[in-house]
Every structure is written in C-alpha cells, then in structure tokens.
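Both backbone and side-chain heavy atoms feed into the values below; hydrogens, waters and symmetry mates do not. Throughout, protein chains are lettered first and strands after them, A, B, ... in sequence-line order, and every chain is numbered starting at 1.
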Amino acid sequence: MSEFQSRVLKLVSMVPRGKVTTYKELALALGRPRTCRAVGNALARNPNPVIIPCHRVVRSDGKIGGYKFGERKKAKLLLMEGVMIKNGKVYLQNFLTKLPKSR
DNA sequence: CCTGGGGCAGCCG
DNA sequence: ACGGCTGCCCCAG
C-alpha cells in the first residue's frame, strides 16, 4: 500500500460513528487540497472495509457520493449510525467532524 | 439539474 | 521510465 493511501485510511479511521467527513476535507488535512479525487480512489481500494469506515466520507456538497457496495448501502450505514440524510444529502453543518492536520 | 475543465494517484501497456 | 486512461471529486457556469 502506498504512503498516500495509508495516510488517507488513517485519517478516515479517526472519523467517529455518527459523524462524517468529505473527500475535500481529507485532501486538505493531508495538506494537498487538489487531491480530492485521488482520495476517492484511495478509499475505493480500501483493503479492509470492515475496520476502515470509508462510508463516512461524503461529497463536499453533502451528497452521499460513491461507494464500493453501492450508494444505497452507504446511506443505510450512515443512517444506522445516526447521521441524518435529507433528499440524498447529509447535513454537513451538523455532522462534519474536524480532522487533525496530518503533516 | 447538467456540463466542462481542472486535477492527481494508481494501474496498465 | 513514459504516456494514457480511469475514477467513491470539485467548482464555476
């Protein structure tokens, strides 16, 4: 696994239940604001979906975004964790978690 | 809502 | 190593 990917996964694993983050936030936290799409790719190749909650990463406009096992599943998981979704969008203002700056 | 352009890590030939 | 292409994106229009 690449350095980039492990940094992404590490940050994602810090997002608590009931909260989310976005691809862009991750990119910013990595100190690489333009890598949002690459971040998505890194998550798509998540080696262990069970312990790495990549379903807690949504788009910066609140829309659910892609997911290896389908957007339905992703939304379902978020709902089960207490994240509110309305019209296919997460209320980022309430559920966004702040990430630590990683290097 | 839909587009086009920007952007970049990873994969493949 | 090198160029092309793809994709859990973003933003302005």
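- Under the 3.5 Å distance criterion, the side-chain polar atoms of A/Lys68 are matched with a main-chain donor or acceptor of A/Ala44.
- Of the residues in residues 77-95 of chain A, not one comes within less than 4.0 Å of DNA chain C through any heavy atom.
- Across every strand in view, B/dG4 sits in a pair with C/dC11 that passes the Watson-Crick or G-U test at under 3.5 angstrom.
- Rounded to an integer number of Å, the gap from A/Leu43 CG to B/dA9 C1' is 12 Å.
- A donor-acceptor pair is defined here as one N or O able to donate and one able to accept, closer than 3.5 Å; such a pair exists between the side chain of A/Asp61 and the backbone of A/Lys63.
- With P as the reference atom, B/dG5 and C/dC8 are 22 Å apart, rounded to whole Å.
- Neither OP1 nor OP2 of B/dG10 sits under 4.0 Å from any side-chain N or O of A/Arg37.
- Within 6.0 Å of the NZ atom in A/Lys98, the count of heavy atoms belonging to other residues, nucleotides or ligands does not exceed 12.
- Atom CG in A/Asn41 sits about 17 Å away from atom P in B/dG7, given to the nearest Å.
- In this entry the distance linking CD1 of A/Ile64 with P of C/dC9 reads 12 Å, nearest Å.
- Counting to the nearest Å, the P atom of B/dA9 and the CZ atom of A/Phe4 are 6 Å from each other.
- At B/dC8, one or more side-chain N or O atoms of A/Arg34 fall inside 4.0 Å of OP1 or OP2 (strictly under the cut-off).
- Of all nucleotides listed (B/dA9, B/dG10, C/dC8), C/dC8 comes nearest to the side chain of A/Cys54.
- Taking atom CE on A/Met1 and atom P on B/dG10, their separation rounds to 11 Å, with Å as the unit.
- Distance alone, capped at 3.5 Å, is enough to place a donor-acceptor pair between the A/Gln5 side chain and the A/Ala42 backbone.
- A distance-only check finds a donor-acceptor pair linking the side chain of A/Lys74 to the backbone of A/Val57 [under 3.5 Å].
- Of the possible polar contacts, none joining the A/Arg32 side chain to the A/Ala27 backbone as a donor-acceptor pair under 3.5 Å is found.
- Under a cut-off of 6.0 angstrom, the local environment of CE in A/Met84 is sparse, with at most 12 non-hydrogen atoms contributed by other residues, nucleotides or ligands.
- Remark: P of B/dC8 and CG of A/Leu30 are 13 Å apart, rounded to the nearest angstrom.
- Atom CD in A/Glu25 sits about 13 Å away from atom C1' in C/dC9, given to the nearest Å.
- Using a 4.0 Å heavy-atom distance criterion, A/Tyr23 is classed as a base contact.
- Taking side-chain N and O atoms only, A/Ser60 has a distance below 4.0 Å to OP1 or OP2 of C/dC10.
- You won't find any donor-acceptor pair under 3.5 Å spanning the side chain of A/Arg45 and the base of B/dG10, going by distance alone.
- Spacing between atom NZ of A/Lys24 and atom C1' of C/dG7 amounts to 19 Å, rounded to whole angstrom units.
- Neither A/Val12 nor A/Tyr67 shares a network with the other; the hydrophobic side chains, linked directly or stepwise wherever heavy atoms of I, L, V, M, F, W or Y lie under 4.5 Å apart, form separate groups for each.
- The phosphate of C/dC9 (OP1 or OP2) has a side-chain N or O of A/Arg59 nearer than 4.0 angstrom.
- In terms of position on DNA chain B, the residue among A/Glu3 and A/Cys36 whose nearest nucleotide sits closer to the 5' end is A/Cys36.
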